[in-house]
A.B. asks: 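Here it is, the structure, as structure tokens.
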Amino acid sequence: MDIKKVKRSEDYSAWYNNLVKNADLAEHSDVKGCMVIKPYGYAIWEKMQAELDRRFKETGHQNAYFPLFIPKSFFTKEASHVEGFAKECAVVTHYRLKVDEITKEIVVDPEAKLEEELIVRPTSETIIWNTYRSWIQSYRDLPVLLNQWANVVRWEMRTRLFLRTTEFLWQEGHTAHATADEAIAETKQMLDVYADFAENILAVPVIKGVKSENERFAGAIETYCIEGLMQDGKALQMGTSHFLGQNFAKAFDVKYVTKENSREYVWATSWGVSTRLMGALIMSHSDDEGLILPPRLAPIQVVIIPIFRKPEEKIAVMEKAEAYTALLKKQGISVKLDDRDYQSPGFKFAEYELKGVPVRIAIGPRDVQNETVEVARRDTKEKQVMSAADLEHKIPHLLEQIQTNIYQRALDFRSENMYAADTWDEFMDILENKAGFISAHWDGTAETELKIKDLSKATIRCIPLNNHKEAGKCILTGKPSTQRVLFARAY
RNA sequence: CGGGGUGUAGCGUAGCCUGGUAUCGCGCCACAUUUGGGAUGUGGAGGCCGUAGGUUCGAAUCCUGCCACCCCGACCA
């Protein structure tokens, strides 16, 4: 393993890229902007999926799958939706290749041009609502509560591993309701599901809020979001939940007959989180030694490293190591016994630190002698000698402690980087010298928001849901404002 | 799309100015000694130097075109 050390404090961006590669999470593919998610990275994503999927099902949703390709005409039906996505769509125009008779090269067969171009989905509202038209006739067909796990493509100018890739993996929920209230309740419920997942599983504290008009999803009436703060003081949008009103129902003519026999348009929501959460996870907890994974997401929660010199030592050590492995597995803990005899213990220590394994247990001849083990935790790097008899009840507890500790650490970091600004100078000073979230007054206009963005590169991350009303003056225009909103520079 | 970079073994690189088919490290294979914080030695395998053309007796090196990817911005989950 050839690890080029880049310090987090010196070049956050290079540190992040190195970490993603060195920890074996993902690498650049030969396709621009697209990455290969490696087994270790994918294992983490699978754990995220499992946790989310369980929560979706607990809240009454089912999974389904819709096509990757969307006829172009579907896109033109919801005006603001097209406008939002048109400039980043991959388009399929042909369906066949052939050998060019002169050059003998494989070329697109010009005769195989599609009658209507197909868009590679950047999101599936259109094709799903086109389908819902035939599924929904009566109030009895509502609500429709579906989710799909899928890949989508957005042809972004600039990409970053996990944070913004041309193709990415996500889930998108699409629900249909009889009333606006019910749809709004669904939107908020899913936001809560995301926030719960982020805080309790990813161990990343988030702020729940609504987006300003500028930042709203293309085609939504209201966009709710969860926003996290990364270690470099930049914000990251970690999930969104949209109240779509009747926009898509009208665009795709999806109506239902009420109990009273009238015809009404259906109300919609959509909500999603993506592999960007991998980026959030990495950027929230990791350090110069590598990844730090919350135990609830770690593919390997405990690694056991046997240490020995002589063959007879190996036998004794391995016997204990195997017994402890079995013991912990019985507790439902994911344990790896690293019995590779061609790597030194020191190498393994460093490797599992790089990969963020929460707990490391080392067993050597000394431990066999004393009926002990050495237990090291990744988050604090503390080591302790533990009696082997205590493993069974102390390790599960330790894992919980680590989960709590890294959440608390991230929460403390966020609290320390949460500022209020009352003047433009204060605002700029915080952005330039401190970074983090800034709570400030804004006159509520899109125009001012854009001007602030131009001048400062900071955007309104959200209007927090628990915001209290407070009279004040816009930091830029001085016009009256009724509440503070949350600004930050963001990914 | 603007700006900056890079393409040489699986990875990271030297060589390029001053042409003579390639350096070093990691990794890989074999054997031996090792193993409580990234082991050591010996031997070995692995490269049409991104691509197309040009100059030349001869091109990784000089010239021209092309391609790809990365990084920084604008755009976005």
Side-chain angles (χ1 to χ4, degrees), chain A residues 1-5 11 13-14 16-18 21-22 24 27-35 83-89 122-123 151-172 194 211 214-218 223 225-228 235-242 270-280 289-290 305-311 313-314 317 338-354 360-370 372-374 376 381 383 385 453-454 457 459 461 489-491:
Chain A
M1 209 173 299
D2 187 17
I3 292 154
K4 215 199 278 169
K5 282 265 178 177
D11 186 343
S13 181
Y16 173 82
N17 281 324
N18 268 302
K21 275 175 232 166
N22 292 333
D24 248 353
E27 62 189 32
H28 289 286
S29 71
D30 286 328
V31 183
K32 182 183 168 62
C34 295
M35 64 178 172
E83 202 189 318
F85 285 104
K87 56 190 184 305
E88 55 191 48
C89 286
T123 180
N151 58 337
V152 287
V153 168
R154 296 184 188 175
W155 215 267
E156 303 284 358
M157 296 295 178
R158 175 137 155 59
T159 58
R160 290 168 140 270
L161 290 166
F162 287 118
L163 297 174
R164 188 175 303 103
T165 45
T166 301
E167 178 191 13
F168 57 95
L169 306 183
W170 78 345
Q171 61 67 217
E172 44 181 329
Y194 288 154
K211 287 290 186 190
N214 276 329
E215 302 277 328
R216 200 174 284 157
F217 175 75
T223 288
C225 63
I226 51 171
E227 293 281 328
L236 181 72
Q237 178 175 306
M238 290 171 58
T240 48
S241 183
H242 314 290
S270 69
W271 27 275
V273 295
S274 71
T275 35
R276 168 177 270 196
L277 290 177
M278 293 287 292
E289 267 61 60
I305 297 173
I307 300 164
F308 47 81
R309 288 167 197 268
K310 303 170 205 136
E313 285 176 347
K314 178 175 179 179
V317 165
D338 189 346
D339 58 359
R340 290 177 295 173
D341 56 7
Y342 53 87
Q343 295 292 12
S344 69
F347 179 92
K348 292 176 184 176
F349 292 173
E351 184 180 27
Y352 292 106
E353 273 162 17
L354 177 59
R360 178 185 76 227
I361 297 177
I363 308 167
R366 266 197 326 256
D367 297 300
V368 173
Q369 197 73 41
N370 304 333
T372 56
V373 293
E374 182 194 77
K381 302 201 189 78
K383 292 184 205 173
V385 174
K453 185 180 176 184
D454 276 350
K457 289 181 188 163
T459 49
R461 300 320 304 155
R489 287 184 180 151
Y491 278 99

A.B. asks: Nearest to the side chain of A:Ala350, which nucleotide is it out of B:rG37, B:rG73, B:rG36?
C.D. replies: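 Of the options given, the side chain of A:Ala350 lies nearest B:rG37.
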A.B. asks: From C-beta outward on A:Met157, which listed nucleotide comes closest to its side chain: B:rA74, B:rA77, B:rG37?
C.D. replies: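 For the A:Met157 side chain, the nearest candidate turns out to be B:rA74.
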A.B. asks: Find the distance A:Ile307:CD1 to B:rU34:P and express it as a whole number of Å.
C.D. replies: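 Value for this atom pair: 17 Å.
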A.B. asks: Quick one: label A:Gly279 by what it contacts on the DNA or RNA (base, sugar-phosphate, nothing), any heavy atom closer than 4.0 Å.
C.D. replies: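 Nothing, no heavy atom under 4.0 Å.
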A.B. asks: After noting the C-alpha distance and the side-chain angles of A:Phe85 and A:Phe217, does the key distance pass the ring pair (Phe, Tyr, Trp, His ring centres under 6.0 Å) rule?
C.D. replies: CA-CA 10 Å; A:Phe85 285 104; A:Phe217 175 75; 5.8 Å; yes
A.B. asks: Return the nearest nucleotide to the side chain of A:Lys32; candidates are B:rG73, B:rC70, B:rG38.
C.D. replies: B:rC70
A.B. asks: Select base, sugar-phosphate, or nothing to describe what A:Thr159 touches, counting heavy atoms under 4.0 Å on all strands.
C.D. replies: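 Touches sugar-phosphate only.
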A.B. asks: Scan every strand shown for a Watson-Crick or G-U wobble partner of B:rU13, both distances under 3.5 Å, and answer none if you come up empty.
C.D. replies: none
A.B. asks: Nearest to the side chain of A:Glu374, which nucleotide is it out of B:rG38, B:rG36, B:rC76?
C.D. replies: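 Taking heavy atoms from C-beta onward, the closest nucleotide is B:rG36.
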A.B. asks: Can you tell me the pairing partner of B:rG58 across any strand shown, Watson-Crick or G-U wobble, with both distances under 3.5 angstrom?
C.D. replies: none
A.B. asks: If I pick the P atom on B:rU61 and the same atom on B:rA45, what distance separates them, to the nearest angstrom?
C.D. replies: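 My reading of the P atoms in B:rA45 and B:rU61 gives 27 Å.
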A.B. asks: Establish, for the pair A:Arg360 and A:Phe349, whether the NZ or CZ atom is under 6.0 angstrom from the six-membered ring centre and no further than 45 degrees off its axis.
C.D. replies: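 Verdict for A:Phe349: a cation-pi partner in A:Arg360.
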A.B. asks: Counting side-chain heavy atoms from CB outward, which of B:rG38, B:rG36, B:rA77 is closest to A:Arg276?
C.D. replies: B:rA77
A.B. asks: The side chain of A:Arg164 lies closest to which of these nucleotides: B:rC70, B:rG37, B:rC76?
C.D. replies: B:rC76
A.B. asks: Just name whichever nucleotide pairs with B:rU23, Watson-Crick or G-U, keeping both distances under 3.5 Å, else none.
C.D. replies: none
A.B. asks: What's the closest nucleotide to the A:Glu353 side chain, out of B:rG37, B:rC75, B:rG36?
C.D. replies: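 Among the listed nucleotides, the one closest to the side chain of A:Glu353 is B:rG37.
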A.B. asks: Would you mind telling me which of B:rG36, B:rA77, B:rG37 lies closest to the side-chain atoms of A:Phe168?
C.D. replies: B:rA77
A.B. asks: Using whole Å, report how far CG of A:Asn22 lies from P of B:rG10.
C.D. replies: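 So the CG-P distance, A:Asn22 to B:rG10, works out to 19 Å.
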A.B. asks: Does A:His28 make a side-chain N or O approach to OP1 or OP2 of B:rC70 shorter than 4.0 Å?
C.D. replies: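 Yes, such a contact exists.
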A.B. asks: How far, in whole Å, is B:rC67 from B:rA74 if one measures between their P atoms?
C.D. replies: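 Going atom to atom, P in each nucleotide, I get 27 Å.
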A.B. asks: Does B:rC75 have OP1 or OP2 under 4.0 Å away from a side-chain N or O of A:Lys453?
C.D. replies: yes
A.B. asks: Figure out the CG/C1' separation between A:Asp11 and B:rC70, and round it to whole Å.
C.D. replies: 14 Å
A.B. asks: What nucleic acid atoms does A:Lys381 come within less than 4.0 Å of, heavy atoms only: base, sugar-phosphate, or nothing?
C.D. replies: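 The residue A:Lys381 makes no contact with any strand.
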A.B. asks: Let's test this: given Watson-Crick or G-U wobble pairing with both distances under 3.5 Å, identify the partner of B:rA45.
C.D. replies: none
A.B. asks: Could you tell me which nucleotide pairs with B:rG50 by Watson-Crick or G-U wobble geometry, both distances under 3.5 Å, or answer none if nothing does?
C.D. replies: B:rC66
A.B. asks: Reckon A:Lys348 touches a base, only the sugar-phosphate, or nothing at all at heavy-atom distances under 4.0 Å?
C.D. replies: nothing
A.B. asks: Could you tell me the Watson-Crick or G-U partner of B:rA39, where both distances fall under 3.5 Å? Say none if there is no partner.
C.D. replies: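 Pair assignment: B:rA39 / B:rU33.
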A.B. asks: Heavy atoms under 4.0 Å, any strand shown: does A:Arg360 hit a base, just sugar-phosphate, or nothing?
C.D. replies: base
A.B. asks: Using the C1' atom on both, measure B:rG19 against B:rA59 and round to a whole Å.
C.D. replies: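 B:rG19 and B:rA59 have their C1' atoms separated by 6 Å.
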A.B. asks: So, is A:Asn17 near the phosphate of B:rC71, with a side-chain N or O under 4.0 Å from OP1 or OP2?
C.D. replies: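 Result: yes.
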A.B. asks: Which of these nucleotides, B:rG36, B:rA77, B:rA39, is closest to any side-chain atom of A:Phe347?
C.D. replies: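 Of all the options, the side chain of A:Phe347 is nearest to B:rA39.
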A.B. asks: Consider the side chain of A:Ser274, meaning its heavy atoms from C-beta on, and name the nucleotide among B:rA77, B:rA74, B:rC71 that approaches it most closely.
C.D. replies: B:rA77
A.B. asks: Reckon A:Ile305 touches a base, only the sugar-phosphate, or nothing at all at heavy-atom distances under 4.0 Å?
C.D. replies: nothing
